[in-house]
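Every chain is numbered from 1, with letters handed out A, B, ... down the list of sequences.
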Amino acid sequence: MIAQATTIDAYKLMHEGVLALAQVEANGMKIDLNYLDNALKENSKKIAVLSEEIKSDKVVKVWKKRFGTKTNLDSGDQLGKVLFDSLGYECKEKTDKGKPKTDIGSLETLDIPFVKKYLYLKKLKKAQATYLKGIKRETCNGFLHPVFNLHIAQTFRSSSDSPNFQNLPIRDPMMAELIRRCFIPRKGGRIVETDYSGIEVHAAAWYHKDPVMLSYICDPSKDMHRDMAAQCYKLSTKQVTKLIRYCGKNKFVFPQFYGDWYLSCAPALWSSIDQLKLETAKGTPLKEHLAKKGIYDLGSLNPKVSPVKGTFVHHIMEVQEDFWGRRFKIYTDWKNDWWESYRRTGKFQTLTGFEISGWMKRNEVINYPVQGVAFHCLLWSLINLQKQLKKYKMKTKIVGQIHDSIVSDVPDKEFKDYLEISNEVMTKKIVKHWPWIITPLEVEAEASPVDGSWFEKKAIKVA
DNA sequence: TACTTCGGCGCC
DNA sequence: AAAGGGCGCCGAAGTA
């Protein structure tokens with residue numbers, strides 16, 4: 001795949017982007033070294049205790065019998081042999097190389113007490129090896145300077161390394177606290193994070209201009225994720241809880257946008273019901289509710305067997321057909337036209353002025369321009385926000401960037417100004433610069449208390 | 001010892 | 001017609 005800037009504007013974006021990110025790297029983020037050292041110690045103790053505890057588990061005893069002195073609880077190969085060979089559990093999924101899968105999804109279907117303890121231990125080890133040690137290793141004079149690349153991602157996104165600033169835990173509250181408490185503002189400041197809300201959905205709409213999607217984006221009373229969650233679980237929109245909406249968004253809508261299909265969405269939506277103990281707003285368990293609607297089982301996941309009516313797979317297949325065939329028909333037409341145009345010419349052009357050519361798969365051809373342009377909005381904003389900070393001689397420092405968000409270290413005195421300037425750049429100036437932005441951009445802001453850690457960030461009103 | 005590939009898992 | 005887009009880092013296991 002080859003990519004090239006075709007306009008002065010596109011070239012400038014990369015040039016200024018690299019310089020702006022170099023400044024971000026130089027700024028760096030302050031690290032609470034006392035906390036970090038203590039966390040390393042305490043977490044390592046926890047790992048030791050749990051490792052000892054797990055030795056009395058039946059599974060580990062079998063493990064030791066089989067592998068003796070070669071026993072290694074970090075070996076997925078060994079775990080597979082213990083569970084699916086020695087203990088005779090049924091192996092439902094294989095890796096690409098044909099070995100038994102031993103990831104969370106596969107293990108959770110086994111329903112044995114060992115799994116819970118084992119996965120928890122693995123989580124603590126991940127926190128220790130990748131995050132705490134990674135931060136410690138790269139911290140210099142109390143500051144961490146992660147690298148931000150613009151020359152790696154195929155899609156024209158950025159990437160980050162040494163350490164990767166863009167994959168720090170946040171969804172798991174325990175992990176999030178353990179890791180994010182390392183990050184603190186300079187004295188008298190706050191960590192402030194400003195995010196574009198739904199920027200990739202907007203970016204896609206700038207290409208396809210589907211009127212139904214545009215009305216979802218522009219009309220605040222409408223809510224696509226709520227509606228799709230309702231349809232997937234056969235609920236009225238009033239019965240959709242926050243958690244159910246979350247599942248609709250992350251197990252159906254986004255995967256569908258990325259090119260996924262019902263045979264993989266259906267089991268994800270189905271297993272979420274038990275894993276998250278989903279209930280309707282009235283408190284009816286979701287499986288019970290679905291049973292009332294005539295759906296009792298997931299149904300076959302065999303792609304060669306056509307889905308049986310009355311199964312969840314069949315239902316989600318119909319939801320998918322409705323989603324692309326009726327609801328977002330214009331979006332579908334755009335995807336087909338875009339793909340056909342690439343097939344004719346071997347290339348396509350992003351809204352930001354980059355030409356991308358070479359051999360690509362269909363999903364790549366459809367996703368790259370969207371993902372790239374969404375990030376370019378963030379990059380343009382970062383460049384121009386930094387210019388503003390310099391112009392007004394502010395002490396605020398941009399310290400990081402996570403695809404659709406900007407992280408800054410903001411002296412409390414500049415807090416209000418910073419929010420205002422951010423909002424101005426991210427939602428108003430950018431629209432004047434790029435006229436193809438035809439949807440109203442919105443920014444969500446979160447901030448830590450003064451001298452509080454990144455973990456303590458809370459949503460705040462912006463503008 | 002150094003390097004590669006794989007499986008796994010963290011994020012958008 | 002095909003069938004999940006993009007990253008970085010870890011340890012295990014195999015190879016040079």
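Rounded to whole Å, the distance from CD on A:Q401 to P on C:dG8 is 13 Å. Protein atom CG of A:D77 is 20 Å distant from nucleotide atom P of C:dC10, rounded to whole Å. Computed from coordinates, the A:F156 CZ to C:dC7 P distance equals 12 Å when rounded to whole Å. What separates CG of A:L107 from C1' of B:dC9 is a distance of 13 Å, to the nearest Å. The separation between A:R157 atom CZ and C:dG6 atom C1' is 5 Å, rounded to whole Å. We find that CD of A:E444 is positioned 13 Å from P of B:dC12, with the value rounded to whole Å. The distance from atom CG of A:L263 to atom P of C:dA1 is 18 Å, rounded to the nearest whole Å. Between the NE2 atom of A:H403 and the C1' atom of C:dC7 there is a distance of 6 Å, given to the nearest Å.
Within 3.5 Å, a donor on the side chain of A:K126 pairs with an acceptor on the base of B:dC9, or the reverse. With hydrogens and angles ignored, a donor-acceptor pair under 3.5 angstrom links the side chain of A:Q371 to the base of C:dG5.
Between A:R171 and B:dC12, a side-chain N or O to OP1/OP2 separation shorter than 4.0 Å is present. A:S159 has a side-chain polar atom (N or O) that falls below the 4.0 Å cut-off from OP1 or OP2 of C:dG8. Checking the phosphate oxygens (OP1, OP2) of B:dG7, a side-chain nitrogen or oxygen of A:T95 falls inside 4.0 Å. Residue A:R137 places at least one side-chain N or O closer than 4.0 Å to OP1 or OP2 of C:dC10. Contact check, A:T102 against B:dG8: a side-chain N or O comes under 4.0 Å of OP1 or OP2. Between B:dC9 and A:T130, no contact under 4.0 Å exists linking OP1 or OP2 to a side-chain N or O. Residue A:N72 places at least one side-chain N or O under 4.0 Å from the OP1 or OP2 atom of C:dA12.
Considering only side-chain atoms of A:I170, the nucleotide from B:dC12, C:dG11, C:dC9 that sits closest is B:dC12. When the nucleotides C:dA3, B:dC11, B:dC12 are ranked by their closest atom to the side chain of A:Q320, C:dA3 comes out on top. Comparing C:dG6, B:dC9, C:dC7 by their nearest atom to the side chain of A:T155 picks out C:dG6. Comparing atom distances between the A:Y368 side chain and each of B:dG8, B:dC11, C:dG5 picks out C:dG5 as nearest. Comparing C:dA13, B:dG8, B:dG10 against the side chain of A:S75 picks out C:dA13 as the nearest. Candidate nucleotides C:dA3, B:dG8, B:dC12 were compared by shortest atom distance to the side chain of A:D103, and B:dG8 ranks first. Of the listed nucleotides (C:dA12, C:dG8, C:dG6), C:dA12 has the atom at the smallest distance from the side chain of A:D74.
Using a 4.0 Å heavy-atom cutoff across all strands shown, A:K99 reaches no nucleic acid atom at all. Across all strands, A:I366 comes closer than 4.0 Å to no nucleic acid atom at all (heavy-atom distances). Contact annotation for A:S160: backbone-only contact, meaning every heavy-atom pair under 4.0 Å involves sugar-phosphate atoms and none involves a base. Among the atoms of the strands shown, none is found under 4.0 Å from any heavy atom of A:E200. Within 4.0 Å of A:I104, counting heavy atoms only, lie sugar-phosphate atoms of the nucleic acid but no base atom. As judged by a 4.0 angstrom heavy-atom cut-off over every strand, A:K125 is placed among residues making no nucleic acid contact. Within the 4.0 angstrom heavy-atom criterion, only backbone atoms of the sugar-phosphate kind lie near A:P169; the bases stay farther away. Looking at heavy-atom distances under 4.0 Å, A:G76 makes no contact with the nucleic acid at all.
Salt bridge A:K222/A:D227: absent, no basic N to carboxylate O contact under 4.0 Å. A salt bridge is absent between A:K61 and A:D57; no separation between the charged side-chain nitrogens and carboxylate oxygens falls under 4.0 Å. Ion pairing between A:D210 and A:K329 fails under the 4.0 Å rule for side-chain N and carboxylate O. With respect to the salt-bridge test (charged N to carboxylate O, under 4.0 angstrom), the residues A:R157 and A:E200 qualify. The residues A:K122 and A:D74 are annotated as not salt-bridged, no charged nitrogen and carboxylate oxygen being separated by less than 4.0 angstrom.
There is no side-chain donor-acceptor pair under 3.5 Å between A:S159 and A:Q166. Between the side chains of A:S357 and A:Q4, no donor-acceptor pair is found at a separation under 3.5 Å.
Residues A:W339 and A:N367 both approach DNA chain C. Their nearest nucleotides, taken by heavy-atom distance, put A:W339 toward the 5′ side.
You cannot call A:Y258 stacked on the base of C:dG4; the centres under 5.5 Å and planes under 30° rule is not satisfied.
In this structure, the ring of A:F257 has its center less than 6.0 angstrom from the ring center of A:Y331.
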